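The structure appears below as structure tokens.
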Amino acid sequence: EENESVDVPLKFCVRKNIPFTLNVNVTGRLGSRKVIGDAEAVQVLTGESDLQISVDTQTSVNVGSNLIYQFSIENKGPSDATNVIFSDTLPSESIFVEAGCEKGVCEVVSNQVTCVIDHLFADSASAIQVTVTCPNAGNLTNSAEVTADEIDKDLSNNTVTSSTTVEELEPKPSNGD
């Protein structure tokens with residue numbers, strides 16, 4: 001049988017400055033035979049970023065008070081970070097109140113707060129605030145982490161832990177008793 005060639009147009013979208021590999025597999029013969037094939041574009045992640053997370057919060061609060069965690073997600077570069085995921089598993093002794101992200105969106109499932117930032121430029125930051133209430137006295141330990149699609153050259157600064165003491169309110173002294 002005679003060999004034939006066919007041009008097949010491929011359309012795909014690639015983010016700026018991100019290389020990719022195109023894998024094509026075609027089987028069968030041309031002519032009276034049906035050709036079966038598929039193509040797959042595979043993104044090769046070569047960008048590097050250094051995400052860093054930090055937290056600022058109270059070291060002690062009273063029972064029944066709100067406890068506010070102020071997280072900062074920084075991208076130290078050199079590349080932009082995409083699909084930045086912030087994950088915070090709240091202490092089981094706390095009750096979720098609200099969460100907000102300066103450059104993304106947050107959702108809460110059970111005691112897990114997840115915020116997604118689609119794009120964080122190199123040498124920039126985003127703030128995330130998580131508020132819980134503390135119904136009982138004790139110690140609360142909260143840990144959070146951040147990841148992205150790019151290679152992170154320093155994973156040691158991708159997690160943060162904070163501790164807060166929840167204290168009973170001291171009874172007010174009564175006058176004349």
Side-chain angles (χ1 to χ4, degrees), residues 8-25 38-61 65-134 139-166:
V8 178
L10 298 174
K11 293 182 181 181
F12 48 89
C13 188
V14 179
R15 285 186 243 163
K16 182 180 175 184
N17 296 327
I18 297 181
F20 66 93
T21 302
L22 181 63
N23 298 323
V24 178
N25 177 21
D38 62 352
E40 174 185 15
V42 179
Q43 180 177 328
V44 178
L45 300 176
T46 57
E48 258 188 25
S49 62
D50 180 15
L51 294 180
Q52 177 177 319
I53 185 172
S54 60
V55 64
D56 183 25
T57 191
Q58 301 102 303
T59 56
S60 66
V61 294
S65 298
N66 281 350
L67 172 58
I68 300 170
Y69 298 102
Q70 294 278 0
F71 294 95
S72 177
I73 310 297
E74 293 181 65
N75 179 7
K76 303 281 191 180
S79 298
D80 294 354
T82 56
N83 195 32
V84 177
I85 308 291
F86 164 85
S87 298
D88 182 8
T89 303
L90 299 174
S92 59
E93 306 86 3
S94 67
I95 299 170
F96 173 79
V97 175
E98 66 181 346
C101 181
E102 177 184 36
K103 297 181 180 176
V105 294
C106 298
E107 72 174 7
V108 179
V109 177
S110 298
N111 257 19
Q112 177 75 37
V113 177
T114 303
C115 302
V116 178
I117 302 168
D118 289 333
H119 192 106
L120 189 60
F121 291 103
D123 301 316
S124 70
S126 180
I128 296 174
Q129 180 173 304
V130 177
T131 305
V132 298
T133 227
C134 309
N139 292 314
L140 295 182
T141 301
N142 187 19
S143 296
E145 70 176 349
V146 65
T147 60
D149 285 348
E150 286 67 31
I151 297 167
D152 194 318
K153 58 187 177 182
D154 182 4
L155 296 175
S156 69
N157 57 9
N158 289 39
T159 59
V160 67
T161 301
S162 65
S163 297
T164 302
T165 302
V166 182

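It should be emphasised that the depicted structure is a prediction, and the values quoted were computed from it without experimental measurement.
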Evaluate the criterion side-chain contact (heavy atoms from CB on, under 4.5 Å) for residue pair V130 and L90; output intermediate values, then yes/no. CA-CA 9 Å; V130 177; L90 299 174; 3.8 Å; yes
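- Interatomic distance, F86 CZ to I53 CD1, rounded to the nearest 0.5 Å: 5.0 Å.
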Are E93 and C134 close enough, and set up right, to give a side-chain contact (heavy atoms from CB on, under 4.5 Å), and what steps lead you there? CA-CA 7 Å; E93 306 86 3; C134 309; over 6 Å; no
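- F71 places none of its side-chain heavy atoms less than 4.5 Å from the side chain of D56.
- Taking N66 as the reference, V97, T131, T133 meet the side chain to side chain contact (heavy atoms under 4.5 Å, CB included) condition, with sequence neighbours excluded.
- Taken from OG in S126 to CD1 in I73, the straight-line distance is 7.5 Å, to the nearest 0.5 Å.
- Contact of the V61 side chain with the T164 side chain is registered, since non-hydrogen atoms from C-beta on lie closer than 4.5 Å.
- Interatomic distance, CG of L120 versus CG of L51, reported as 7.0 Å (0.5 Å rounding).
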Applying side-chain hydrogen bond (donor to acceptor under 3.5 Å, both in side chains) to T114 and E107, what does each step give before you reach the verdict? CA-CA 5 Å; T114 303; E107 72 174 7; 5.4 Å; no
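- Here K103 pairs with nothing under the salt bridge (charged side-chain N to carboxylate O under 4.0 Å, His left out) rule; sequence neighbours left out.
- Between L67 and T57, some side-chain heavy-atom pair lies under the 4.5 Å cut-off.
- Contacts classified as ring-ring contact (aromatic ring centres under 6.0 Å, His included) and involving residues 107-134 (residues at least two apart or in different chains) are given here: H119-F121.
- Looking at residues two or more places apart in sequence or on another chain, you find a side chain to side chain contact (heavy atoms under 4.5 Å, CB included) between Q52 and E74, K76, N157.
- Note that CG of D149 is 9.5 Å distant from OG of S49, once rounded to the nearest 0.5 Å.
- Side-chain contact between N139 and T141 is absent, with no heavy-atom pair separated by less than 4.5 Å.
- D50 is not listed as a side-chain neighbour of E48, based on a closest heavy-atom distance of 4.5 Å or more.
- Contact between S92 and N111 at its shortest, heavy atoms only, is CA-ND2, 3.8 Å.
- Taking V116 as the reference, N83, I85, D118 meet the side chain to side chain contact (heavy atoms under 4.5 Å, CB included) condition, with sequence neighbours excluded.
- The ring-ring contact (aromatic ring centres under 6.0 Å, His included) check on F96 picks up nothing, with sequence neighbours excluded.
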Please evaluate residues T82 and E150 with respect to the criterion side-chain contact (heavy atoms from CB on, under 4.5 Å), reporting the C-alpha separation (whole Å), side-chain torsions for both, the decisive distance (0.1 Å), and the verdict. CA-CA 7 Å; T82 56; E150 286 67 31; 2.7 Å; yes
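- Separating the OG atom in S162 from the CD atom in Q58 is a distance of 10.0 Å, to the nearest 0.5 Å.
- For the pair E102 (side chain) and A127 (backbone), a donor-acceptor distance under 3.5 Å is present.
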Should T161 and S143 be marked as a side-chain hydrogen bond (donor to acceptor under 3.5 Å, both in side chains) after you check the CA-CA gap, both sets of side-chain angles, and the distance that decides it? CA-CA 4 Å; T161 301; S143 296; 3.1 Å; yes
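- Side-chain contact check for N158 and D152: at least one donor-acceptor pair (N or O, by modelled atom type) lies under 3.5 Å.
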Take C106 and C101 through the test disulfide bond (SG atoms under 2.5 Å apart) and record every step on the way to the result. CA-CA 7 Å; C106 298; C101 181; 4.8 Å; no
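- A distance of 12.5 Å separates OH in Y69 from CD in Q129, rounded to the nearest 0.5 Å.
- The backbone N or O of A122 sits less than 3.5 Å from a side-chain atom of D80, completing a donor-acceptor pair.
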